[in-house]
Amino acid sequence: DLMDSRAQVSLEYLLIFLISLSILSMFSIPLIEDTVSDVNDIKKSMDIKNTLIELSNNVNLVHASGYGSKKTISMNIPCNMNIYYKTKNSRHYLYSYCVLSDNTKKEIEVEIPCRVSFNNKPTYYYTSLKKQWYYNIEVKWIEYNDDYFMNIYFR
C-alpha cells in the first residue's frame with residue numbers, strides 16, 4: 001500500500017511538471033520565434049547599411065581627391081539588393097531597401113557629397129546587385145553635359 005501511494009504521488013508530480021512545461025512552452029516558443037526574426041532583420045539591415053557606408057566612404061575619398069581621380073575596390077555584397085541615388089533638400093544620398101520578416105520595407109540611406117550614377121551610365125540612378133563578391137568596383141569622376149559627378153561601376 002505504501003508503494004502504491006508513493007507511485008501515485010510520483011505520477012502526480014510528473015503530470016504537474018508536464019502540464020507546467022506545456023504551458024511554459026506555449027508562451028516561450030512564440031517569443032523566441034519573434035526574437036529570432038528581429039535579430040535576422042537587424043542583421044540584414046546592418047549588412048545593407050555597411051555596404052552603403054563602404055561605398056559612401058570611397059565616394060568621399062574620390063571626391064576629396066578631385067576631378068580625374070578614381071579608386072578600384074573589392075567588396076562583398078551580403079544580399080540581393082538594389083542601390084539607388086537620390087537628392088533630398090539639396091543633399092545627396094545612396095539608399096536601399098531592406099525587406100523585413102513581416103514583409104514591410106525599411107529604407108536605409110547614407111549621405112554622400114555629390115551626385116552619383118551607376119555602371120558608367122550617366123543617367124542610371126540605381127543598380128541591382130546579387131549576393132556575391134563583386135571585384136573591381138570602380139568609383140570615378142565622370143563628365144556628362146558639362147556636369148561632373150561620381151560613377152560607381154560594378155564589374
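Since this is a predicted model, take the numbers as computed values, not measurements.
Paired with N58 under the rule side-chain hydrogen bond (donor to acceptor under 3.5 Å, both in side chains), one option of H63, K71, E138, K70 passes, and it is K71.
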I'd like to know whether K86 forms a side chain to side chain contact (heavy atoms under 4.5 Å, CB included) with E107, so could you lay out the CA-CA distance, the side-chain angles of the two residues, the decisive distance to 0.1 Å, and finally the verdict. CA-CA 12 Å; K86 71 177 175 184; E107 184 178 302; 2.5 Å; yes
Check against side chain to side chain contact (heavy atoms under 4.5 Å, CB included), S20 and I16: CA-CA 6 Å; S20 300; I16 290 171; 4.2 Å; yes
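If you chain together hydrophobic residues whose side chains sit under 4.5 Å apart, L61 and I73 never meet in one group. Under a hydrophobic clustering in which Ile, Leu, Val, Met, Phe, Trp and Tyr are joined whenever their side-chain heavy atoms come within less than 4.5 Å, directly or via other members, V39 and I48 fall into different clusters. A continuous path of hydrophobic side-chain contacts links Y67 to V139 [ILVMFWY only; heavy atoms under 4.5 Å]. Cluster annotation: L14 and L21 are assigned to the same hydrophobic cluster (Ile/Leu/Val/Met/Phe/Trp/Tyr, side-chain heavy-atom contacts under 4.5 Å, transitive). Linking ILVMFWY residues whenever their side-chain heavy atoms come closer than 4.5 Å, directly or via other members, places V116 and M75 in the same cluster.
We find the CD-CG distance between E12 and L15 to be 8.5 Å, quoted to the nearest 0.5 Å. To the nearest 0.5 angstrom, Y84 atom OH is 6.5 Å from S128 atom OG. I108 contributes atom CD1, which lies 5.0 Å from atom SG of C98 (distance to the nearest 0.5 angstrom). Atom OG1 of T123 sits about 10.0 Å away from atom CG of N145, to the nearest 0.5 Å. The line from CG of N40 to OG of S45 is 10.5 Å long, rounded to the nearest 0.5 Å. To the nearest 0.5 Å, atoms OG (S65) and CH2 (W141) are separated by 10.0 Å.
Under the 30°/60° scheme for interplanar angles, the aromatic rings of Y97 and Y95 are found to stand perpendicular.
Taking 4.0 Å as the cut-off between side-chain N and carboxylate O, E109 and K88 count as a salt-bridged pair.
Applying the 6.0 Å contact sphere to CZ of R91 captures no more than 12 heavy atoms from other residues, nucleotides or ligands.
In this structure F154 satisfies the ring pair (Phe, Tyr, Trp, His ring centres under 6.0 Å) test together with Y134, sequence neighbours excluded. Residues passing the salt bridge (Lys or Arg N to Asp or Glu O under 4.0 Å) test with K106: none are found, sequence neighbours excluded. Remark: Y85 engages H92, Y125 in a ring pair (Phe, Tyr, Trp, His ring centres under 6.0 Å) (not counting sequence neighbours).
Counting heavy atoms from C-beta outward, L100 and K105 have side chains that stay 4.5 Å or more apart. With a 4.5 Å cut-off on side-chain heavy atoms, V59 and P113 count as touching. Under the 4.5 Å side-chain criterion, counting only non-hydrogen atoms from C-beta, T72 is not in contact with K140. A 4.5 Å side-chain heavy-atom check between P122 and F149 finds at least one atom pair inside the cut-off. At least one side-chain heavy atom of L129 sits under 4.5 Å from a side-chain heavy atom of I83. Side-chain contact between I77 and T51 is present, with heavy atoms from C-beta onward closer than 4.5 Å. Using a 4.5 Å heavy-atom cutoff, the side chains of S74 and I137 are not in contact. A 4.5 Å side-chain heavy-atom check between S37 and D102 finds every atom pair outside the cut-off.
Looking only at distances, no side-chain donor or acceptor of N151 sits under 3.5 Å from a matching main-chain atom of I142. No side-chain donor-acceptor contact under 3.5 Å links S56 to the backbone of L52. Side-chain N or O atoms of T127 include none that pairs as donor or acceptor with a backbone N or O of F118 at under 3.5 Å. Within the 3.5 Å criterion, the main-chain N or O of P78 finds no donor-acceptor partner in the side chain of D47. Of the possible donor and acceptor atoms, none in the side chain of N119 sits under 3.5 Å from a partner among the backbone N and O of Y153.
Of all the heavy atoms in N76 and Q132, the pair that sits closest is OD1-O, 3.8 Å.
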